[in-house]
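Throughout, residue positions are numbered sequentially from 1 according to the sequence presented.
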Amino acid sequence: MDIIKNIFKNKINVLSFFVAFLGAFMLFPNYFEAYVMPLPLSKDLWMSLDPSWGIALNYVKLKNLTWGTDVAFTYGPLAHFCTRIGWGENRLSFLFFDLFMFVNYFMLFLLSIKKSQNKWITILAIASVCIIFPLYIGAGSVLILMAILVFWIRMSLDNPKPIYYLFQISIITLLFFIKFNTGLIAFPLFISGIACNLLTNNGKKPLLIFYAILPIILIAIGAIILNVALLPYIKSGFELISGYNDVMFLENQIKGSYLLVVLISVFLTAILILNIYSKKKKDWIKMATVLFLFGTTVFVLYKQAFVRGDIGHINDFFRFIPLIIVSNLDLHLNFKSIYTKIAFLFILLIPFYFLFIKQDNQIEIKAKFPKSDFINGFKIFTPTSGMFLNKNDSQLPATVLEKIGYKTVDIYPWNIHLLLENKLNYLPRPVLQSYTVYTPYLEQLDFNHYNSTKAPEFVIYDFVSIDGRYPLFDESKVNLALCKNYQVAELFDFDGRKIILFQKKKDFKPITFEKTKEYAMLLNSPLVPKKDVYYEIGIYNSLLGKIVSVYQYAPEIRLEIKLKNGNLMDYRTSKLLLETGLYSDIFINDTNNFKTFFDSKNDNQEIKYFNFKPLKPMLFKNKIRITEYKIKQ
């Protein structure tokens, strides 16, 4: 009998190793770097938005700019592990990261199967991960690292081995410098595991405390190496998180998706509670920690998908929920009831239904096996091997290029790609693209840049925004700086659009704001703007509004602009955008209208009043605060 058991046990070990290796191999990239290609001309300017920030993150490192002060963005100095853009990078950094991910996948799968009392169910869960994962992960890499972090935390709750903490600390440090918002979430997850072991006397306390401190030490060292100003980096990271939740949401673009998310979340929670409660030994602190780990990761995945609410982000929830399931071991290691097994397998089928039947995505199993492109890419890699920006169809007029020469230039609102395609001397403002400047702190970073000797000599300007916002108020103070300290060098046509080339005035004078008045108004009351007055608007959520902001996104506010000719214009805004401020008694409709600000005769329409209208008034307090400033120069 013992011989038979050993043979069976060895077969299981071989099977576990084979499945784990196969799964990790499938998830290993089948390409080495992402090529940077010229952008096709498009009437939809938003098409240049993502490619522009992707390449800009490499550019700012080549310019040796400091993260947190010179640059403030949602991604950090290790963002290339998500974008896979190799411009200026070392090929060994990509290789080591990919091998690190391979080892994590392999260990996650191997240990999950070995620990499982329902091995075939665990193997099916792993198979669903490997089948559903897309070939190009991109920003999803941070979600994967978060899920793997939870796995290592859970392993350390059973046995606080140093190797388990080594993986945790490595992941936390990586996340902090790849994308701060996910790195921020990683810390409470990590500390919850440490706290659980301290409270339950599971491990040596001095060693556990050392583990808790070590990530902070490594991050401090990493900040020096990666040219990061830690406090500003953290501050801007918090601002970007709060601002994103406040204004970057869309209406759910996939009908029925929210219901499926609720169904998955409820069933998984019920299964998890049943599984951990069925254990003979009731360790309540450990049980609470397991529930916290699971609940936090699912909530983060949900917020990532449904704040933005577009097709790509929503699909990500269903792409990565199987990995969340596998990483939370208590969901699949031990089933006591046939009904929970059936429920679990039913949940595994939902992402397949959503992605491959309802959304008609393609299953990409065969394409995940060849790794020749990765090997060849590694062999031929240079810091510029992926750059194919020239020749392109995005050449600016010769007169524009001649005027700019090699002098510094920025672009508004976001098409950084255009500057690099034209080989211009791009000088970025700290928050690289206007759509991201959605809090007073971030607005001030860019304004300080433009209100100083650091301001670029030229600005290529297009009056446009996203999500139905009024472009002038995406960066109100930067637009004001352009009006006061720049002149029109040229108005030109590009891809069927009117574009302004601004040049800095020789008699540059910094702008100041002199506070003149502060008063309260009732919400939904008209504000009549005055010339050369800057207004900061304070709108306050009710308690219910604050609760809604946490589980969904910030309650929506509309900006109504009533013109003296009777026309009523309607735009999206947010509480934080209004706090950044606004100005102007003149309504601007497009880039050509913006140019008339600089003409001797202004043909824009006068504004009768602004109105700040919440779609759900019960989510806001009745009064708002108005602070007026005299614009001086």
Next item on the list: Say whether Asn227 and Lys61, considering side chains only, have a donor N or O and an acceptor N or O under 3.5 Å apart.
Entry: no
Margin query: I'd like to check Leu260 versus Tyr353 (side-chain heavy atoms, cut-off strictly below 4.5 Å). Are they in contact?
Written below: yes
Next item on the list: Taking side chain to side chain contact (heavy atoms under 4.5 Å, CB included) as the test, write out the residues that go with Ala367, two or more places apart.
Entry: Leu135
Margin query: Among residues at least two apart in sequence or on other chains, which ones pass side chain to side chain contact (heavy atoms under 4.5 Å, CB included) with Ser52?
Written below: Ser48, Asn415, Ile416, His417, Gln433
Check: So, Lys371 side chain and Phe28 main chain: donor-acceptor pair closer than 3.5 Å or not?
Finding: yes
Notebook entry, point to check: Which residue, Tyr31, Phe378, Phe32, forms the ring-ring contact (aromatic ring centres under 6.0 Å, His included) with Phe94?
Noted result: Phe32
Show me the donor-acceptor pairs, under 3.5 Å and distance only, between side chains in residues 180-193 and residues at least two apart or in other chains.
unit_1, atom_1, unit_2, atom_2, d
Ser192, OG, Pro188, O, 3.4
Ser192, OG, Leu189, O, 2.6

Margin query: Looking at Ser549, is its backbone amide N or carbonyl O close enough to the side chain of Asn245 to form a donor-acceptor pair, meaning the two atoms are under 3.5 Å apart?
Written below: yes
Note to self: Quick one, Val290 and Leu157 - any side-chain contact, counting heavy atoms below 4.5 Å?
What the structure shows: yes
Item checked: Working for side chain to side chain contact (heavy atoms under 4.5 Å, CB included), residues Trp87 and Leu420 -> CA-CA 12 Å; Trp87 186 24; Leu420 300 180; 4.0 Å; yes
Next item on the list: Report yes if some heavy atom in the side chain of Pro428 is under 4.5 Å from a heavy atom in the side chain of Tyr59; otherwise report no.
Entry: yes
Check: In terms of side-chain heavy atoms, does Glu239 have a donor or acceptor partner in Thr439 at a distance below 3.5 Å?
Finding: yes
Item checked: Backbone of Ala125 reached by a side-chain donor or acceptor of His332 within 3.5 Å -> no
Next item on the list: For the residue pair Asp70 and Val60, establish whether any side-chain heavy-atom pair is separated by less than 4.5 Å.
Entry: no
Notebook entry, point to check: Is it the case that more than 12 heavy atoms not belonging to Met47 sit under 6.0 Å from its CE atom?
Noted result: no
Check: Within a reach of under 6.0 Å around CZ of Phe292, are more than 12 heavy atoms found that belong to other residues, nucleotides or ligands?
Finding: yes
Notebook entry, point to check: Does Asn392 reach the main-chain N or O of Leu389 with its side chain, forming a donor-acceptor pair under 3.5 Å?
Noted result: yes
Next item on the list: Take atom CG of Asp44 as the centre, draw a 6.0 Å sphere, and report whether it contains more than 12 heavy atoms from other residues, nucleotides or ligands.
Entry: yes
Next item on the list: Please tell me if the side chains of Val262 and Val266 come closer than 4.5 Å, counting only heavy atoms from C-beta onward.
Entry: yes
Notebook entry, point to check: Under a 4.5 Å cut-off applied to non-hydrogen side-chain atoms, are Phe374 and Leu95 in contact?
Noted result: yes
Check: Taking the six-membered ring for Trp, are Phe81 and Phe97 parallel (under 30°), tilted (30 to 60°) or perpendicular (over 60°)?
Finding: parallel
Check: Angle class for the Tyr470/Phe473 ring planes (parallel below 30°, perpendicular above 60°, tilted otherwise)?
Finding: perpendicular
Next item on the list: Using atom types as modelled and distance alone, determine if a side-chain donor or acceptor of Asp495 lies under 3.5 Å from a backbone N or O of Ser42.
Entry: yes
Note to self: Can a donor-acceptor pair be found, under 3.5 Å and without considering hydrogens, that links the side chain of Ser574 to the backbone of Leu577?
What the structure shows: yes
Note to self: Has Asp246 got a side-chain atom pairing as donor or acceptor with Leu576's backbone, closer than 3.5 angstrom?
What the structure shows: yes
Report, one line per pair, each donor and acceptor closer than 3.5 Å where one atom sits in a side chain of residues 305-322; sequence neighbours left out.
unit_1, atom_1, unit_2, atom_2, d
Arg308, NH1, Met248, O, 2.7
Arg308, NH1, Asp467, OD2, 2.7
Arg308, NH2, Asp467, OD1, 3.3
Asp310, OD1, His313, N, 2.9
Asp310, OD1, His313, ND1, 2.7
Asp310, OD2, His313, ND1, 3.3
Asn315, ND2, Ile311, O, 3.4
Asp316, OD1, Arg319, NH1, 2.9

Margin query: With no hydrogens and no angle check, just 3.5 Å: does a side-chain donor-acceptor pair link Ser394 and Asn422?
Written below: no
Checklist line | Over 12 non-hydrogen atoms of neighbours within 6.0 angstrom of CZ in Phe369 | finding: yes
Check: Taking the side chain as C-beta and beyond, is there a heavy-atom pair between Glu89 and Pro383 under 4.5 Å?
Finding: no
Check: Using 30° and 60° as the class limits, which term best fits the ring planes of Phe106 and Phe102: parallel, tilted or perpendicular?
Finding: parallel
Next item on the list: Run the salt-bridge test on Glu33 and Arg91 with the 4.0 Å N-O cut-off and return the result as yes or no.
Entry: no
Using distance only, find each side-chain donor-acceptor pair of residues 166-176 under 3.5 Å and give its atom names and separation, not counting sequence neighbours.
unit_1, atom_1, unit_2, atom_2, d
Gln168, NE2, Trp152, O, 3.3
Gln168, NE2, Ser156, OG, 3.3
Gln168, NE2, Tyr164, O, 3.4
Ser170, OG, Leu166, O, 2.8
Thr173, OG1, Ile169, O, 2.8

Check: Cation over ring, Lys235 on Tyr441, under 6.0 Å and within 45°?
Finding: yes
Notebook entry, point to check: Is Glu443 reaching over with its side chain to a backbone N or O of Ser476, donor-acceptor style, under 3.5 angstrom?
Noted result: yes
Notebook entry, point to check: Is there a side-chain contact between Phe294 and Phe299 (heavy atoms, below 4.5 Å)?
Noted result: no
Checklist line | Set of side-chain hydrogen bond (donor to acceptor under 3.5 Å, both in side chains) partners for Thr289, sequence neighbours left out | finding: none
Checklist line | N-O pairing of Lys368 and Glu364 below 4.0 Å | finding: no
Item checked: Ring centre gap for Phe177 and Trp67 strictly below 6.0 Å -> no
Item checked: Main-chain N/O of Ala147 paired with Ser327 side-chain donor or acceptor, under 3.5 Å -> yes
Margin query: Taking Asp330 first and then Arg154, would you say they form a salt bridge - that is, a charged N and a carboxylate O separated by under 4.0 Å?
Written below: yes
